[in-house]
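Each remark here refers to the structure printed beneath this line.
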Amino acid sequence: MDTAEKLAYVVRSPTEEVLTEEDLRVLFDEGRAIDHYIGFEISGLIHLGTGLMAGAKIADFQKAGITCRIFLADWHAWINNKLGGDMDTIRKVAVGYFKEGMAVSVKIMGGDPDKVRYILGSELYADDPDYWATVINVSKNLTLARVRKSITIMGRQQQEDVNFAQLIYPPMQVADIFSQDLTLVHSGIDQRKAHVIAREVAPKIGRDKPVAVHHKLLLGLNQPPVWPVEKSQMRELLSQMKMSKSIPKSAVFIHDSPEEIREKLRLAFCPAGNIDFNPVLDWAQSLLFRNEGFALEVSRPAKFGGDVVYPTFESLQTAFAAGELHPMDLKKAVAEALTQLLEPARDLFAQPRHAAMLEELREIKVTR
RNA sequence: CCCGACUUAGUCUAGCCUGGUUAGGGCAGUGGACUGUAGAUCCACGAAUCGCCGGUUCAAAUCCGGCAGUCGGGACCA
């Protein structure tokens with residue numbers, strides 16, 4: 001496989017940006033082993049924006065010959081008060097649930113979960129005697145203002161009150177990258193600030209700049225806080241419109257039942273004819289049509305036009321924009337296709353061992 | 001360590017000075033109506049140990065004392 005083909009895998013949807021494509025091209029051309037990572041706070045149930053979006057890119061990366069790893073950020077979750085801020089709970093969930101959930105997500109999107117390495121944050125820190133020196137080294141090259149601005153990577157508002165530990169989080173996230181000698185760091189676009197810091201700090205502390213790949217965020221199913229959305233503000237508002245665990249109706253989880261999937265999509269925000277901001281279309285594009293040969297099958301009563309099949313996202317989008325496809329029919333079709341896609345995750349978590357863990361997790365208070 | 005301000009539903013907040021109706025409102029939420037979806041709109045509804053402990057009083061969110069938390073300032077700067 002030549003560089004162009006590999007690049008195409010990296011850049012394809014749902015990738016939103018690569019910092020920088022040129023840097024990545026050089027890595028491919030030199031034939032160097034590329035070590036990828038994506039990190040997650042251990043924060044509760046895995047929704048499609050976490051599992052499938054990351055899984056999609058991991059599958060692409062693997063096809064491009066990149067070695068992938070998933071970083072289970074237990075310390076970060078602890079600092080950010082996830083799962084009640086209880087480290088024992090976080091560790092248990094990380095290994096017993098999160099790892100399994102991410103693995104099946106990778107599989108669903110066409111990747112090989114057995115070729116993914118899973119690293120627990122606390123293990124990395126225990127194994128690397130220089131880790132905390134790296135944190136300090138990174139911190140010495142950051143101002144307080146810069147760190148404060150970067151706390152949006154924790155899902156916090158910039159003006160929000162944070163405790164001091166939360167200010168240590170961004171430099172730690174950057175140190176994670178150097179400690180693992182990563183060449184390609186990956187995340188949703190919401191983590192961009194951390195990766196930009198890593199690229200800026202790298203030369204100052206004698207490290208190579210990692211290439212950063214950011215995928216777009218899956219839209220939440222709920223109505224955005226501002227509507228209608230001006231196209232010019234779309235970018236700024238996008239983080240508020242993303243799928244969120246703390247807004248239950250905005251998210252479908254990887255192990256949701258067919259009934260839950262159907263019901264959540266039924267309640268989804270979906271203005272007829274609108275293709276600029278439409279979570280249902282967005283999901284179809286990002287999660288369904290990326291799979292080779294996928295076609296969306298819509299079954300509807302004859303009085304509404306009868307059954308139709310859309311072989312490409314473009315054909316679907318055009319029909320919807322033209323009002324040829326009613327939102328309800330779209331929702332039903334997408335729910336059906338998603339239900340099929342997520343079957344492996346449902347099966348996995350239906351197994352007694354995993355079901356128990358999931359049940360336990362559902363009872364643990366999910367803190368923002 | 002000292003001084004001051006603040007603390008009312010998920011959230012923002014009114015009321016406190018001048019004790020006394022069911023502690024009011026916005027946003028969020030829930031249910032319904034209307035739409036072949038959702039949203040918008042209209043109607044209805046649920047939700048608050050008034051930070052904690054004690055005191056005064058017939059009666060305390062309201063007055064007094066103590067404690068805690070948050071924020072701001074001061075002190076310390078060998």
Side-chain angles (χ1 to χ4, degrees), chain A residues 43-45 47-49 79-85 144-145 148 151-152 154-167 218-231 233-234 237-252 256 258-288 296-308 310 316-339 362 364-368:
Chain A
S43 58
L45 303 178
H47 62 49
L48 305 189
I79 289 173
N80 208 14
N81 294 320
K82 294 300 162 66
L83 297 177
L144 178 58
R148 285 207 63 105
I151 66 162
T152 52
M154 292 182 275
R156 305 281 163 189
Q157 304 267 331
Q158 203 175 311
Q159 70 277 9
E160 196 171 332
D161 284 338
V162 287
N163 59 47
F164 185 69
Q166 287 171 308
L167 295 174
L218 206 55
L219 290 175
L221 292 176
N222 54 320
Q223 194 211 6
V226 186
W227 181 259
V229 182
E230 290 287 330
K231 268 197 180 155
Q233 315 174 304
M234 196 79 143
L237 289 170
L238 219 53
S239 67
Q240 294 178 45
M241 310 193 283
K242 70 174 176 179
M243 186 181 298
S244 164
K245 276 183 286 291
S246 50
I247 307 171
K249 283 193 176 166
S250 76
V252 164
D256 274 351
E259 297 72 39
E260 286 170 316
I261 295 171
R262 218 175 293 133
E263 181 64 5
K264 286 176 179 177
L265 272 147
R266 185 180 75 76
L267 294 170
F269 180 72
C270 184
N274 187 314
I275 57 170
D276 293 325
F277 182 87
N278 190 314
V280 184
L281 278 180
D282 177 51
W283 288 24
Q285 179 180 28
S286 299
L287 303 175
L288 301 176
L296 189 70
E297 297 173 14
V298 177
S299 57
R300 59 184 176 186
K303 65 168 173 170
F304 293 136
D307 297 355
V308 233
Y310 297 101
L316 171 68
Q317 195 178 31
T318 306
F320 190 78
E324 291 163 17
L325 177 65
H326 189 273
M328 197 181 215
D329 297 323
L330 171 68
K331 286 178 172 183
K332 282 181 178 165
V334 168
E336 175 57 31
L338 264 183
T339 298
R362 283 202 164 110
I364 295 170
K365 192 172 150 216
V366 174
T367 45
R368 193 178 75 89

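Computed from heavy atoms alone, side chains included, the values below leave out hydrogens, waters and symmetry copies. Just so it is clear, the structure is predicted and the values come from calculations on it, not from any experiment. Throughout, protein chains are lettered first and strands after them, A, B, ... in sequence-line order, and every chain is numbered starting at 1.
Atom CZ in A:Arg266 sits about 16 Å away from atom P in B:rG36, given to the nearest Å. Taking atom NZ of residue A:Lys264 and atom P of nucleotide B:rG39, one finds them 16 Å apart after rounding to whole Å. For the pair A:Leu267 CG and B:rG29 C1', the computed distance is 14 Å after rounding to whole Å. Atom CZ in A:Phe269 sits roughly 12 Å away from atom P in B:rA38 (whole-Å rounding). Rounded to whole angstrom, the span from the NZ atom of A:Lys303 across to the P atom of B:rG36 amounts to 10 Å.
Looking only at side-chain heavy atoms (C-beta outward), A:Phe277 and A:Leu219 come within less than 4.5 Å of each other. Proximity of A:Val298 to A:Leu316: side-chain heavy atoms (C-beta onward) are nowhere separated by under 4.5 Å.
Of all the heavy atoms in A:Leu338 and A:Trp283, the pair that sits closest is CD1-CE3, 3.5 Å. Minimum interatomic distance between A:Glu324 and A:Arg300 (heavy atoms only, all atoms of both residues): O-NH1, 3.1 Å.
For RNA chain B, the stems formed by at least three consecutive Watson-Crick or G-U pairs, with both atom-pair distances below 3.5 Å, span B:1-7 with B:68-74, B:10-13 with B:24-27, B:29-33 with B:41-45, B:51-55 with B:63-67.
If you take atom P in B:rU62 and the same atom in B:rC16, they sit 12 Å apart, rounded to whole Å. Rounded to whole Å, the separation between the P atoms of B:rA5 and B:rA47 comes to 35 Å. B:rA60 sits 23 Å from B:rG69 when the C1' atoms are compared, rounded to a whole Å. Spacing of P atoms, B:rG39 relative to B:rG31, comes out at 10 Å, to the nearest Å.
Not a single donor-acceptor pair under 3.5 Å links the side chain of A:Asp329 to the backbone N or O of A:Leu325.
When the shell of 6.0 Å around CD of A:Glu260 is examined, it contains more than 12 heavy atoms from other residues, nucleotides or ligands.
Centre separation under 5.5 Å together with a plane angle under 30° holds for the ring of A:Phe304 and the six-membered base ring of B:rG36, marking them as stacked.
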